[in-house]
Amino acid sequence: MSAPVVVAGASMAGLRAAEQLRAAGHTGPITLIGDEPHMPYNRPPLSKEVLASKASFESLAFRPRAAVADVEWRLGTKVVAADLDRRRVRLDDGGTLSYAALVVATGMRPRRLRCPGPLTGRHTVRTLADARGLRAALTRPGVRVVVVGAGFIGCEVAATAVALGAAEVTVVDPLPLPMAGPLGELLGRALLRRHEARGVRFALGAGVTGFDGDGHVTGVVLDDGTVLPADVVVESVGSVANTEWLDGNGLDLTDGVLTDEHLRAGGRPDVVAVGDVARFPNARYDGVPRRVEHWSIPTDTAKHAARVLAAHLGGAEPDPAPFAPLPTFWSDQHDFRLQSFGAPALGLDDVRVLEGGPDGDLLAGYHRGGRLVGVVALGGPAAAAAAARHRAELLKTPALTA
């Protein structure tokens with residue numbers, strides 16, 4: 001197969017797509033285009049080990065497999081437009097590339113708060129440059145930190161800031177508990193107790209309406225009028241899919257790129273989406289298309305999408321088995337870990353303690369229709385091992401009705 005493939009996005013999902021294309025038998029040219037100047041690297045440590053200077057960039061970089069030694073890398077370059085009918089993409093340097101197949105792997109960017117006030121002193125954590133800039137800000141003596149957003153990244157950054165010796169660390173979130181959205185009340189309460197015991201303060205059930213300061217942030221204004229003193233603000237309020245370059249091609253870009261059960265976009269056999277930009281139906285659950293921002297998804301989606309593209313380029317039909325991954329994530333905070341298998345967000349109405357209790361190692365099971373759809377462990381290695389024991393049961397779970 002000599003047909004050229006363009007991979008738009010040179011992060012983990014793009015790299016895995018190129019590797020899996022080679023594994024699926026595609027021998028033609030592959031070009032990866034990425035807006036960062038770096039080769040693909042592991043992002044989860046950015047809010048933990050890198051922020052705490054316990055890991056270098058060199059340790060984060062993925063080592064590409066030998067099979068992709070011949071691919072072309074265009075780093076520091078951004079895809080700005082696509083014409084899917086003509087099969088070509090336009091780059092920010094004015095150049096264009098034609099393709100026989102396109103992999104959409106452009107990922108996400110941090111959502112920013114649209115509130116009045118200065119911009120200096122406000123940070124996000126998505127790229128290596130973000131982590132380096134935030135690290136420099138956090139290491140100033142007596143620094144007061146406000147983290148907006150009590151999700152995974154927000155809680156990880158708060159834990160890291162405490163470990164670095166910040167004078168004050170406060171987490172703000174409109175929900176009543178940290179991580180209540182993806183994990184529910186049981187885990188949220190357990191997390192709240194653990195963070196507070198280690199020095200993190202919380203302003204929950206509160207929104208941000210503005211920032212004080214003249215040129216540099218000095219405070220965060222809450223919707224009840226409270227002003228939290230702040231030298232450093234970290235915005236962790238969700239993500240926005242990088243899909244603008246696909247506008248005008250008739251795709252559903254409502255929340256990422258909508259695909260079918262084989263990760264094909266817009267019914268096109270020559271365009272697939274991989275990683276957290278893909279909104280796909282998971283046959284393991286209810287078939288409702290969703291984006292999944294978990295570490296396992298870039299590899300899982302790349303493997304399936306590459307087989308689909310290779311079959312198309314070779315004039316064959318893809319394997320009819322629909323995509324049915326088992327999402328997996330973990331989150332290290334302070335001296336404990338969250339470990340999850342499955343889709344706990346689908347079982348928030350029926351959460352049961354499977355092992356342990358809220359004040360020690362805890363294993364929670366998430367059920368939908370009486371069936372286990374996800375497990376989350378909170379604690380040390382024993383808790384994580386307990387979650388892993390339920391993986392086989394989750395893999396056997398039949399499809400659920402929407």
Within this structure, what is the CG-CG distance for the pair Asn249 and Asp85, rounded to the nearest 0.5 Å? 7.0 Å
Does the pair Arg337/Asp332 count as a salt bridge with the N-to-O cut at 4.0 Å? yes
For the residue pair Asp231 and His216, what are the closest heavy atoms and their distance? O-CE1, 3.0 Å
Okay, side chain of Arg74, backbone of Gly34: is any donor-acceptor separation there less than 3.5 Å? no
Pairing of Arg194 and Glu196 as salt bridge, 4.0 angstrom limit: no
So, Glu72 side chain and Leu32 main chain: donor-acceptor pair closer than 3.5 Å or not? no
Residues Ala190 and Pro358: closest non-hydrogen pair is CB-O, 3.9 Å
Taking the side chain as every heavy atom from C-beta outward, state whether Thr77 and Asp35 have any atom pair closer than 4.5 Å. no
When rounded to the nearest 0.5 angstrom, what distance separates CG in Leu175 from CD in Glu185? 12.0 Å
Tell me yes or no: between the side chains of Trp330 and Ser340, is some donor less than 3.5 Å from an acceptor? no
Does Asp223 reach the main-chain N or O of Gly207 with its side chain, forming a donor-acceptor pair under 3.5 Å? yes
Sidechain-backbone polar pair: Asp130 side chain, Thr127 backbone, donor-acceptor under 3.5 Å: yes
All heavy atoms of Pro298 vs all of Trp295, minimum pair found to be CD-O, 3.2 Å
Do Glu156 and Ser331 have side-chain N/O donor and acceptor atoms under 3.5 Å apart? yes
Under a 3.5 Å cutoff, is there a donor and acceptor pairing between the side chains of Arg109 and Thr124? no
Donor-acceptor pair, distance only, cut-off 3.5 Å: does the side chain of Arg43 make one with the backbone of Arg126? yes
Please report the closest heavy-atom contact between Leu75 and Ala10, naming both atoms and the distance. CD2-CB, 3.9 Å
From Asp276 CG over to Thr301 OG1, what is the distance, rounded to the nearest 0.5 angstrom? 8.5 Å
Atom CG of residue position Asp224 - does it have more than 12 heavy atoms of other residues, nucleotides or ligands inside 6.0 Å? yes
Would you call the rings of Phe323 and His304 parallel, tilted or perpendicular, taking 30° and 60° as the class edges? tilted
Run the side-chain hydrogen bond (donor to acceptor under 3.5 Å, both in side chains) test on Arg144 and Thr170 for me, step by step, so that the C-alpha distance in whole Å, both residues' side-chain angles and the decisive distance to 0.1 Å come before the verdict. CA-CA 8 Å; Arg144 300 165 299 178; Thr170 305; over 6 Å; no
Is any side-chain heavy atom of Val373 less than 4.5 Å from a side-chain heavy atom of His367? no
State which residues pass side chain to side chain contact (heavy atoms under 4.5 Å, CB included) with Val237; sequence neighbours excluded, sorted by chain then number. Arg111, Leu113, Val148
Check this for me: Asp93, atom CG, are more than 12 non-hydrogen atoms of other residues, nucleotides or ligands nearer than 6.0 Å? yes
Strictly distance-based, threshold 3.5 Å: is any side-chain N or O of Arg90 a donor or acceptor partner for the main-chain N or O of Thr96? no
I'd like to check Phe211 versus Thr218 (side-chain heavy atoms, cut-off strictly below 4.5 Å). Are they in contact? no
Is it true that the side chains of Arg135 and Ser53 contain a donor and an acceptor less than 3.5 Å apart? yes
Output for pair (Leu21 CG, Arg307 CZ), nearest 0.5 Å, gives 11.5 Å
Using side-chain heavy atoms (C-beta onward) and a distance below 4.5 Å, is Val171 in contact with Val200? yes
Using modelled atom types only, decide if a donor and an acceptor are shared between the side chain of Lys54 and the backbone of Val50 within a distance under 3.5 Å. no
Output yes when a side-chain donor or acceptor of Ser98 lies under 3.5 Å from a complementary backbone atom of Arg88, and no otherwise. no
Separation of Arg22 CZ from Arg65 CZ (nearest 0.5 Å): 13.5 Å
Should Met179 and Phe152 count as side-chain neighbours, where that means a heavy-atom distance under 4.5 Å? yes
For the residue pair Leu378 and Ala383, what are the closest heavy atoms and their distance? O-CB, 3.8 Å
Is it possible for you to check whether Arg368 lies under 6.0 Å from the centre of the six-membered ring of Tyr366, through NZ or CZ, and within 45° of that ring's axis? no
Applying ring pair (Phe, Tyr, Trp, His ring centres under 6.0 Å), which residue pairs with at least one partner in residues 333-363 are found, sequence neighbours left out? His195-His334, His195-Phe336, His334-Phe336
Thr160 side chain vs Ser47 backbone, donor-acceptor pair below 3.5 Å: yes
Looking only at non-hydrogen atoms, find the nearest pair between Asn282 and Ala324 and report the distance. OD1-CA, 3.2 Å
Enter the distance from Ile30:CD1 to Tyr99:OH here, rounded to the nearest 0.5 Å. 15.5 Å
So for atom CZ, which belongs to Arg201, do other residues, nucleotides or ligands contribute more than 12 heavy atoms lying within a distance under 6.0 Å? no
His26 side chain vs Pro4 backbone, donor-acceptor pair below 3.5 Å: no
So does Arg140 have more than 12 non-hydrogen atoms from other groups sitting under 6.0 Å from CZ? yes
Is it true that Arg87 and Asp270 make a salt bridge, defined as a side-chain N closer than 4.0 Å to a carboxylate O? yes
